[in-house]
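One structure is given below, encoded as structure tokens.
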Amino acid sequence: MKKFINNPERVVDEMLEGMVAAHPEYIRKLEGFNVLARKNAPVIGKVALVSGGGSGHEPAHGGYVGKGMLDAAVCGNVFTSPTPDPILEAIKAVNGGAGVLLIVKNYTGDVMNFEMARDIAEMEGINVDYVIVNDDVAVENSTYTAGRRGIAGTVFVHKIAGAKAETGAGIKEIKATALKVISNVRSMGMALSPCIIPAAGKPNFTLLESEMEIGMGIHGEPGTHREKIRTADELAAQLMDKILEDMSLHAGDEVAVMINGLAATPLMELYIINRRVHDILKQNEIKIYKTFVGEFMTSLEMAGCSVSILKLDDELKLLLDAEADTPAFKVI
Amino acid sequence: MKKFINNPERVVDEMLEGMVAAHPEYIRKLEGFNVLARKNAPVIGKVALVSGGGSGHEPAHGGYVGKGMLDAAVCGNVFTSPTPDPILEAIKAVNGGAGVLLIVKNYTGDVMNFEMARDIAEMEGINVDYVIVNDDVAVENSTYTAGRRGIAGTVFVHKIAGAKAETGAGIKEIKATALKVISNVRSMGMALSPCIIPAAGKPNFTLLESEMEIGMGIHGEPGTHREKIRTADELAAQLMDKILEDMSLHAGDEVAVMINGLAATPLMELYIINRRVHDILKQNEIKIYKTFVGEFMTSLEMAGCSVSILKLDDELKLLLDAEADTPAFKVI
Amino acid sequence: MVVNGKKLIEILDRIADVIEENKLMLTELDAAIGDGDHGINMSRGFHAVREKLKDDDGSDIGIILKKAGMALVSNVGGAAGPLYGTAFLKAGAVVEGKQTVDVADLENMLKSALEGIKMRGHAEPKDKTMVDAAEEALNALNSSNAAGESPQQAIKAAVDAAYLGLENTKDMIARKGRASYLAERSIGHKDAGAASFALILKTIFDELYGQESS
Amino acid sequence: MVVNGKKLIEILDRIADVIEENKLMLTELDAAIGDGDHGINMSRGFHAVREKLKDDDGSDIGIILKKAGMALVSNVGGAAGPLYGTAFLKAGAVVEGKQTVDVADLENMLKSALEGIKMRGHAEPKDKTMVDAAEEALNALNSSNAAGESPQQAIKAAVDAAYLGLENTKDMIARKGRASYLAERSIGHKDAGAASFALILKTIFDELYGQESS
Ligand SMILES: Nc1ncnc2c1ncn2[C@@H]1O[C@H](COP(=O)(O)OP(=O)(O)O)[C@@H](O)[C@H]1O
Ligand SMILES: Nc1ncnc2c1ncn2[C@@H]1O[C@H](COP(=O)(O)OP(=O)(O)O)[C@@H](O)[C@H]1O
Ligand SMILES: [Mg+2]
Ligand SMILES: [Mg+2]
Ligand SMILES: [Mg+2]
Ligand SMILES: [Mg+2]
């Protein structure tokens with residue numbers, strides 16, 4: 001296992017120390033908990049947004065704490081949902097009296113732990129609500145399963161709900177906006193290589209030099225199936241097919257695009273993917289309002305990418321364009 | 001070779017198409033040349049900054065084109081300096097009448113090609129000057145060699161000279177500021193894995209699971225020597241030793257820190273490195289004014305990192321804090 | 001079979017060791033169709049349980065199990081944390097105030113624990129989760145107790161049934177938890193949570209009756 | 001030996017093929033102590049030369065070499081582009097207006113090319129660059145011409161000397177170009193630019209006198 005680490009058991013703690021050291025103008029760490037909170041939290045009168053989940057997805061979620069996005073990020077162990085305790089602590093630390101909205105990615109563990117924390121917080125008299133992001137079209141949605149996963153599309157929820165909260169909107173309105181983003185965003189990913197959980201010390205699966213894993217999540221879990229590797233254009237088309245199949249997009253609709261690198265994939269390759277994604281959208285007469293290319297929701301050192309498409313309306317465009325100032329996501 | 005590409009010979013062209021598609025609000029491509037120019041270039045009356053070099057270092061340099069940084073980036077083939085033709089074209093496209101300053105990383109090829117372009121541009125009556133960045137302390141500096149390489153510290157030159165140009169300063173002043181940055185910045189890098197030039201199809205060297213390459217450049221070229229891998233803390237100390245040995249830093253001095261990922265290394269690990277770098281600086285009673293952690297000057301899909309330390313004075317602090325709005329580097 | 005608080009703490013202590021010894025196995029099961037952290041999570045959790053019970057005087061079985069449940073909720077994380085945590089909390093609730101428990105109590109505790117797991121995770125038998133081990137174990141314990149077999153026989157039956165439940169998960173398509181993302185591809189792999197469940201039950205038996213007789 | 005413009009264009013054409021055939025070898029030499037693109041760069045450059053000379057009428061050797069030099073400058077990039085480009089431009093400058101060149105011209109051209117390379121790259125012999133092949137070749141050509149040997153003998157001597165120069169780079173410490181970053185570690189590897197230089201010279205000989213006689 002070749003990593004810049006000291007102790008596999010302490011990677012999250014040490015990472016958070018390094019993050020706080022790097023960005024003291026944005027974030028602080030709650031004493032005794034792996035929670036990054038906005039430096040100036042609680043913002044009195046503003047609804048606070050809390051997200052988080054397992055670590056290993058950096059810059060998600062700590063990198064999105066700041067003006068116009070999150071008020072706190074709860075950082076679990078690598079790929080493991082945080083327990084209710086730090087979530088509760090985060091809720092208490094950022095509640096400015098107007099309530100707290102939790103943004104949770106749809107994984108059994110995340111949902112259960114955030115729900116438990118919400119239950120306790122409500123018993124303590126804090127107004128807490130939550131939304132569950134499930135943008136990953138790789139996984140069949142069904143009430144008989146755990147449902148779709150939340151992946152990179154979550155960052156759009158952070159950005160847009162965060163901008164909404166900044167306008168002084170109430171928790172109900174912000175939740176409605178967040179739910180609108182969730183119902184309008186679809187993502188799909190794939191990987192060229194696995195990743196190594198530091199405490200495990202070896203990869204969860206292996207791929208041949210000629211293979212790729214389609215429908216890859218962001219936890220090193222296998223995807224929906226394996227295929228022979230193909231060209232960037234074919235791959236982009238494959239991901240887009242699955243996304244467009246699941247979205248009701250019509251000629252003239254406007255979208256935001258996110259090409260997300262899982263970590264090891266160079267920006268060069270993400271731009272090559274983006275090129276084809278744009279072509280496909282243009283062929284479908286979809287207007288591209290804004291594009292984000294980079295690493296937004298990673299999976300340790302995995303090579304791979306995901307594409308997210310968010311259908312926009314006037315409200316979402318306005319909120320997407322609103323100023324955001326966080327360590328990892330800035331809109332001027 | 002597992003990459004999201006279509007044709008190894010066309011990666012740079014396709015990447016640039018993808019970049020322009022992603023960031024039309026910032027950049028445009030010069031017809032027939034692999035040059036990305038500021039959308040609104042030439043900015044009349046402002047000294048224009050042009051940088052560039054081989055591709056494969058994304059977001060450098062195209063990602064730094066925009067307000068407060070570069071006016072154009074010239075994109076050579078992967079790890080190969082661009083020829084004088086596109087450099088000349090870039091100079092002509094962004095010259096707003098106040099002259100053009102070239103920011104060149106110290107590689108034989110880059111220096112020769114930028115010099116040739118400058119010579120031709122001057123013959124055509126454009127006021128062109130240049131600075132050469134050589135921040136890499138891994139390589140012994142000597143007048144009998146090609147000298148030190150330019151690596152991630154170059155991004156500080158882009159940021160600060162870019163901010164200076166934005167103030168309306170003349171080319172001489174901007175050059176003086178750029179030279180001050182160059183004389184105050186030192187970097188050192190290392191790698192855990194090699195990278196694959198698309199057209200070559202295989203790595204330039206191999207490393208055992210237990211080995212790392214110290215003093216790694218950003219072109220897949222071997223470093224100064226090979227060692228057994230160590231902990232993140234030991235590595236950070238090793239890089240910092242070499243950097244501090246070469247800088248005259250005293251207690252109370254202020255610095256900016258850049259922890260740069262070469263591409264495959266996750267942000268988590270960069271923050272773990274940052275943690276130790278901060279500790280070392282604090283032990284030396286050096287004040288840390290600002291820290292940048294991320295991928296600024298990459299090397300295709302290489303796993304590794306570099307640390308850059310920039311000694312600041314009041315002018316440099318002011319310019320570092322000035323607004324920058326580019327696809328890959330934003331200061332609000 | 002009568003277990004007092006001190007013995008229960010010893011058993012929980014031993015579970016921490018057994019989970020630690022089987023950390024790799026559990027993690028590998030999870031790696032095949034999940035994210036490969038189950039052993040790591042469980043080991044962290046049961047070490048916290050041990051820590052939490054270090055100074056417990058053993059006077060109240062209910063309190064011991066509640067403390068264990070809280071320690072699991074607060075330290076395991078992921079899916080297993082709330083599930084095992086709830087299971088221990090619920091098991092504790094039905095023996096509140098008791099200084100000792102017998103095999104009838106054990107049946108109640110297991111029943112309540114399983115209800116807690118189902119309530120929290122909404123999983124049913126055949127969803128390829130820890131429920132498949134727990135359900136089989138409870139049924140076997142129930143039948144054996146009803147048939148008037150000895151506590152040793154009853155608990156042995158529960159352990160064997162849990163392992164059968166675990167084996168059965170191999171042929172199932174996962175419908176809950178991370179493995180559900182794999183759909184058909186989850187077939188052929190045993191469920192990690194069912195494995196940890198069977199292991200915990202087996203450790204209880206081994207602590208009560210010795211490993212030889214198992 | 002008398003070469004006219006048409007023959008020169010044929011030679012340059014053949015160089016493009018030979019570089020293409022040896023692309024991997026040149027790239028591997030560069031990979032060992034540089035960045036592994038020399039073969040790729042040179043191949044791109046000489047294909048551009050071929051393209052540029054496609055419609056040339058062959059009337060002026062100087063113009064042909066200038067065109068080739070410009071094509072190299074504009075298409076090779078890296079260090080080799082300005083260096084080989086300047087070499088061809090300088091070689092062309094000394095035969096401006098000539099319809100044919102002989103072995104004396106060749107000596108002048110090589111001398112001027114080498115001066116151009118040194119002027120542009122500031123390298124000296126023993127810096128482990130293409131200069132080491134060029135310098136040996138020029139000296140050999142010069143001696144052989146001075147001794148009144150035949151053009152074939154003289155050019156053969158130059159080719160052999162270039163390869164000797166190439167061999168010699170193996171034991172040198174690089175002091176210019178990327179390989180210089182490796183310092184002592186560059187010992188034991190031949191220089192890629194010296195290899196392409198020797199290869200180009202050998203191709204000229206082979207085109208003039210046939211491969212058998214070489
Ligand atoms: N909804 C559920 N109901 C019951 N058990 C579940 C459910 N979801 C997951 N599990 C169990 O949890 C185990 C996985 O636990 P663990 O790996 O620790 O958490 P995570 O899946 O969050 O990484 C699975 O093997 C399964 O037995
Ligand atoms: N300063 C110099 N003078 C002469 N030749 C040089 C110099 N620097 C590099 N070279 C030659 O250029 C070759 C490398 O060319 P190439 O790989 O195409 O460019 P780059 O080094 O920019 O990747 C070296 O093998 C060496 O022969
Ligand atoms: Mg997990
Ligand atoms: Mg090169
Ligand atoms: Mg798991
Ligand atoms: Mg090279």
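Proteins get letters first, then strands, A, B, ... in listed order; numbering begins at 1 in each.
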task = Please work out which of the three classes, parallel, tilted or perpendicular, describes the rings of D:F46 and D:Y84, given edges at 30° and 60°.
result = perpendicular
request  = Using a strict 4.0 Å threshold on nitrogen-to-oxygen distance, state whether D:K118 and D:E115 make a salt bridge.
outcome  = no
Segment of D:A32 engaging chain B (4.5 angstrom heavy-atom cut-off) = backbone
note = Of the listed D:A79, D:S180, D:G78, the one with the largest count of heavy-atom pairs under 4.5 Å with chain B is D:G78
remark   = Highest number of heavy-atom pairs under 4.5 Å with chain D among B:E213, B:E115, B:E9 belongs to B:E213
ask   = In terms of heavy-atom pairs under 4.5 Å with chain B, which of D:K23, D:E184, D:R178 leads?
value = D:R178
Segment of B:D85 engaging chain D (4.5 angstrom heavy-atom cut-off) = side chain
message = For D:E124, is there an ion pair with D:R175 - N to carboxylate O distance below 4.0 angstrom?
response = no
ask   = Between D:R50 and D:D17, is there a side-chain N and carboxylate O pair less than 4.0 Å apart?
value = yes
note = Highest number of heavy-atom pairs under 4.5 Å with chain D among B:G54, B:P82, B:P84 belongs to B:P84
ask   = Relative to chain B, which segment of D:R185 carries a heavy atom at a distance below 4.5 Å: side chain, backbone, both, or neither?
value = side chain
note = In B:T298, B:I218, B:I151, the residue satisfying side chain to side chain contact (heavy atoms under 4.5 Å, CB included) with B:L262 is B:I218
ask   = Any idea which of B:D110, B:V78, B:T83 has the most non-hydrogen atom pairs under 4.5 angstrom with chain D?
value = B:T83
Salt bridge present between D:E28 and D:K190 (N-O < 4.0 angstrom) = no
query = Measuring heavy-atom distances to chain D, does B:V111 have an atom under 4.5 Å in its side chain, in its backbone, in both, or in neither?
reply = neither
query = Is it true that D:E107 and D:K111 have a side-chain N and a carboxylate O under 4.0 angstrom from each other?
reply = no
task = For each of D:L24, D:T86, D:N41, D:D30, tally heavy-atom pairs with chain B at distances under 4.5 Å, and name the one with the top tally.
result = D:N41
